[in-house]
Amino acid sequence: MDDLRKSFKHSQRIVIKVGTSTLTYPNGKLNLNRIERLVREMADLHNQGKEILLVSSGAIGIGANRMGLKRVPRTLPEKQALAAIGQGSLLHMYEKIFAEYGQTIAQVLLTRDDLNERIRYLNATNTLLAILNMNVIPIINENDTVVVEEIRFGDNDTLSSLVAGIVNADLLIILSDVDGLYDSDPRHNPDARLMSEVKEIDTSMEENAGTQGREFSTGGMLTKLRAARICMAAGIPMVIANSDEEQVISRIVAGEMIGTLFVPKENRMHAREKWIAFGTVVNGIITIDQGACTALLKKGKSLLPSGIQKVEGDFQRGDVVAVKDAGGREIARGMVNYSAKEIGLIAGRRSTEIENILGSKDYDEVIHRNNLWVNN
Ligand code: GLU
């Protein structure tokens, strides 16, 4: 376990989730001191060359406060209106504080559909990766204003774990107003002990968790356990900690025993295989030359059109295909950025020629390495 904690200092891509209870005082107003402190820590990690994705709640709570409401209204349209009001303020605040530390941010609003449908999943992933490539910090929230019940994540704990999964993060940190997971409810039991590590989530933990948070909050421990389950299955370590700890983010990344660590069940490679478990159905086959095989297998590169020799099957963008070497051995699976027809046209050509051939170019890669599972 210690080794896992120690390995956090090498984590390159970190998702950090902050909840409404962290961002605001119990009266609903912004806790500027705390926000400043957290933003400064994130900016500092970014300066060290790490990639940071921030999943931030607060839109509805801040909107409610703006409108002078003491509690969140019950009807969906009213909540959605408040989210529209609050999301602007939220981003404005982040923009201001991150800018003070020289950082650029990007607003990303997601709905569950963006991750459920393969094509949109692919878009969401590619956009987030492009933002990271530009050295920008994405600030992600649910698109509360347009979302309807059927396509809601409902809470940002779940959203943050799914985001960690799609960008293949090294670590998810959930910051909250609790120290972590206790072996019984600390509000009722003074002897409750903080668990520093959890390897398995059992139903009793969920029963103990309870659901209520503060007035403007959604989550509570139950949604955090749900998020932990997703991370554990995806091979990503997750830490729940109290945002009031001094230097909480940097100390977690440095490997200190803070909060509760949820230990992933499987190593990343294996989990990745599952993640592309979309890949139970393979929609086509791409055969590639020796150079591309080496690039994929040995160098962990993306698949570019130049190395493609043959395309079989009738698949669309976002489908999963098998990648084979010239001898017919399946060396990888991945999610394609172009349809079979398009790949047929650009096979063997350089990425710089894609636009001329297809009339437009959204991607240099036929399969981005993030969406590729290599069968070594
Ligand atoms: N998306 C909601 C908001 O920004 C918060 C959801 C949550 O607290 O988990 O207000």
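Atom set for the values below is all heavy atoms of this structure, side chains included, hydrogens, waters and symmetry mates excluded. Atoms within a ligand are numbered from 1 in the order they appear, just like the ligands themselves.
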Donor-acceptor pairs are to be reported for all side-chain atoms of residues 84-95 against protein atoms at under 3.5 Å, with residues two or more places apart or in another chain.
{"residue": "Gln87", "atom": "OE1", "partner": "Asn141", "partner atom": "ND2", "Å": "3.0"}
{"residue": "Gln87", "atom": "NE2", "partner": "Gln107", "partner atom": "OE1", "Å": "3.0"}
{"residue": "Tyr94", "atom": "OH", "partner": "Ser56", "partner atom": "OG", "Å": "2.8"}

**OP:** Can you establish whether the number of heavy atoms outside Asp364 located under 6.0 Å from its atom CG is more than 12?
**Re:**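 Yes, enclosed.
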
Original post:
Are side-chain N/O atoms of Arg112 and Asn143 paired as donor and acceptor at under 3.5 Å?
Top reply: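 No - no donor-acceptor pair under 3.5 Å links their side chains.
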
Using distance alone, decide if ligand 1 has a nitrogen or oxygen within less than 3.5 Å of any nitrogen or oxygen in [X].
X	result
Gly58	yes
Asn156	yes
Asp144	yes

**OP:** With heavy atoms only and a cut-off of under 4.0 Å, state how Asn141 meets ligand 1: side chain, backbone, both or neither.
**Re:**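 Near ligand 1, Asn141 shows its side chain, while the N, CA, C and O stay back.
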
Original post:
Just which atoms of ligand 1 are under 4.0 Å from any heavy atom in Asp155?
Top reply: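 By the 4.0 Å cutoff, the relevant atoms are 9 (O).
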
**OP:** Over all heavy atoms of both residues, which pair between Glu41 and Val248 is shortest? Give the atoms and the distance, please.
**Re:**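 Looking at all heavy atoms of both residues, the shortest contact is OE2-N, 3.2 Å.
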
**OP:** Tell me who clusters with Leu194, hydrophobic residues only, linked when side chains sit under 4.5 Å apart either directly or through other members.
**Re:**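 In the cluster with Leu194 are Tyr182.
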
